[in-house]
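Taking it in order: structure first as structure tokens, then the write-up.
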2 protein chains.
Amino acid sequence: MRTRAASSKPTIRDVAAEAGVSIATVSRALNGRAPIASETAKKVQAAVQALGFRANRTGRELRAGTSRTVGVLVPSLANPVFAESVAGIQDAAREAGWSVLIASSAYEAERENQAIEHLLSHRVGGLVLTVADADRSATLDGLDREGMPYVLVYNQPDRADRSSATIDNIAAGRDATRALIAAGRTRLAMVAGRFAASDRSKQRYRGFGEALAEAGLSQVALIELGFDAPEVDGPTRRLLTGPDRPTGLFCSTDLLALRVMALLREAGLRVPDDVAIVGFDGIPVGRLTAPSLATIAQPSHEMGRRAFLHLLARIEGAAPERILLPYELRPGGSLPPGR
Amino acid sequence: MRTRAASSKPTIRDVAAEAGVSIATVSRALNGRAPIASETAKKVQAAVQALGFRANRTGRELRAGTSRTVGVLVPSLANPVFAESVAGIQDAAREAGWSVLIASSAYEAERENQAIEHLLSHRVGGLVLTVADADRSATLDGLDREGMPYVLVYNQPDRADRSSATIDNIAAGRDATRALIAAGRTRLAMVAGRFAASDRSKQRYRGFGEALAEAGLSQVALIELGFDAPEVDGPTRRLLTGPDRPTGLFCSTDLLALRVMALLREAGLRVPDDVAIVGFDGIPVGRLTAPSLATIAQPSHEMGRRAFLHLLARIEGAAPERILLPYELRPGGSLPPGR
DNA sequence: TTGTAGGCGTTATCAG
DNA sequence: CTGATAACGCCTACAA
């Protein structure tokens, strides 16, 4: 029986020696894929216990050529909506015995690429991601070229060959806007972060425009706030609070909606009396503010969960699928009930 | 020159063949640790480009016996404060060329253990974690036994042998409470989630008690709300809103504080007129509510960052360190200025 | 400066 | 049912 340095971890070889069997038997006993005498299995278990053996995934992965690890890329963990989808991915992964390797893009295309490159170097089994623009993304093109399976979350691609788990952003944008119109608001605008960095925003804007059109309203204003900077520049501020200000706002995310509510409050405007607001995402804090935030509630956790499960299917060879989950217009004090 | 299936990824061997050198040379050229003729280096680079080669970390890790991957364990990603620290860890890890493997415990000791076990099976280089109780944790005992380096975040252990990056929770709890007292509030209570699941809460409670004592106030009420359930039971509700209700509340987290504010509002009480509130964490949304939330602002991102950097040091053999970062009592509308 | 070769821990194949 | 052995991709003595 080989002796080992105390510092180094026991390997399958040590277990074999301890149990008095071959390493092949240990491997089989551990993975339970092959027939094993229950007597032998018991000996192996005992040896595992005695040595505190823990299988080294690295060895397994090298052998297998792939890992039961999913790479996850989100724009930012600071936005609770993304953190929530990661939690969903994580829960599903844990149940399936998979691990989660995480990276974030900070909404930048270059970081997006670097992060993916990094995740791929780990030979992840697949990826779950949220990218800037799902239909034209060099990153995704690269993945397609390599045959690396992935599923998008939040992104809602037009292309049928790109798997996704999301809600219908256009319809949701339309519903949010209709709700504002139903509440009697006619001077409407949409507020987005950085339009260029979010295909979702564009889709929501399209729904916004459609709802305006069907109501015969022509004005389709778009106000960009940017993601990080809490400061809003003068012109933008005037757009929101000046004499021609909108009486209803559809915000592309809840975080933006909360920022806008704070900004309006500072300017002495009242929500919803002066300005009605509908957000998008359904982050939990939206229920706690005063007034509470009316919003399009996405099932973020479930989206992450479903994305992971579909990823497993893709890895097994299933065809791409665009999973559309139900959303809900969650009422809130920021949007008074229809007249 | 060997041919390869198109589906399988190029290895160092393919690069060697393409460049007309040995695999050892390729390895050296890639890692730049050994002297290489610039001519050779160029050939290797060209081959790498031509083949789209990406080094397989699994092979490297197996060989090295360790991975440049940090395991991260947090109670939940749903609380922005933890998500923020993860973002900090991640940023630092990315800069150092490390990867981040993530898991969460859902505030449950058993899950905590399973998650760690899982992370260890990846042969992570070290861990950054937030546990229920840093001074008595079977999980941490196990890590100590194995000599696996780790650094705690948010936890503030008494034991000097456990590395951490945190703020001084006792002092912060004291400062928050002093601020309530300075605002003229004398009937005070502290609100926590699940006390048992958070050593931080206990430390903050201690600071709360100390501030009361030094002001000659005797009542040291503690109100537990639980983490998830948005519903609050009748007795607890009466404690907060009944005739003997506190006029000042110190909440153990901002999320709790926001829940309490909503609850008080429902009950027809005004913040801060009827009840002043100070939270803890400094999550960004706290600035956006009406009234805004006075709180102890922790440098969560920086804490994650520092924790990771200290972990690297620990891995290199540095001694454990309890890093104490500065916090700030951030004023807000929920706490009127002192009389 | 470069090449050869062995082995990291695991699983799968092929014999017994 | 079990054992011996050959990879998986990479790095690093040791030789040249």
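Naming convention: chains lettered A, B, ... in sequence-line order (proteins, then strands); numbering from 1 in each chain.
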[X] side chain near [N] phosphate (N/O to OP1/OP2, under 4.0 Å):
| X | N | value |
| --- | --- | --- |
| A:T25 | D:dG3 | yes |
| A:R60 | C:dG9 | no |
| B:N56 | D:dC8 | no |
| A:S22 | D:dG3 | yes |
| A:T40 | D:dT2 | yes |

Residue among A:V86, A:L129, A:V124, A:T130 satisfying side chain to side chain contact (heavy atoms under 4.5 Å, CB included) with A:V72: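 When side chain to side chain contact (heavy atoms under 4.5 Å, CB included) is applied between A:V72 and each of A:V86, A:L129, A:V124, A:T130, only A:V86 qualifies.
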Whole-Å distance separating the [atom1] atom of [X] from the [atom2] atom of [N]:
| X | N | atom1 | atom2 | value |
| --- | --- | --- | --- | --- |
| B:R57 | D:dC11 | CZ | C1' | 15 Å |
| A:I12 | D:dT5 | CD1 | C1' | 14 Å |
| A:K9 | C:dT10 | NZ | C1' | 17 Å |
| B:I36 | D:dC11 | CD1 | P | 12 Å |
| B:R123 | C:dC8 | CZ | P | 14 Å |
| A:I23 | D:dC1 | CD1 | P | 21 Å |
| A:H122 | D:dC10 | NE2 | P | 14 Å |
| B:L62 | D:dC10 | CG | P | 12 Å |

Within the 4.0 Å heavy-atom criterion, would you say [X] contacts the bases, only the backbone, or no part of the nucleic acid?
| X | answer |
| --- | --- |
| A:A64 | nothing |
| A:T58 | nothing |
| A:R28 | base |
| B:A24 | base |

Toward the 5' end of DNA chain C, which comes first, B:A37 or B:G59, by nearest nucleotide?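 Closer to the 5' end of DNA chain C: B:A37.
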Stepwise side-chain contact (heavy atoms from CB on, under 4.5 Å) check, B:T58 with A:H122: CA-CA 6 Å; B:T58 313; A:H122 280 276; 6.0 Å; no
Of A:D199, A:D144, A:D135, which meets salt bridge (charged side-chain N to carboxylate O under 4.0 Å, His left out) against A:R162?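 It is A:D144, the one option of A:D199, A:D144, A:D135 that forms the salt bridge (charged side-chain N to carboxylate O under 4.0 Å, His left out) with A:R162.
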Quick one, B:L152 with B:T166, criterion side-chain contact (heavy atoms from CB on, under 4.5 Å). Give me CA distance, side-chain angles, the key distance, then yes/no. CA-CA 8 Å; B:L152 300 161; B:T166 176; over 6 Å; no
Over all atoms of both residues, closest heavy-atom pair of A:F82 and A:P75: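 Distance-wise, the nearest heavy atoms are CZ-CG, 3.6 Å.
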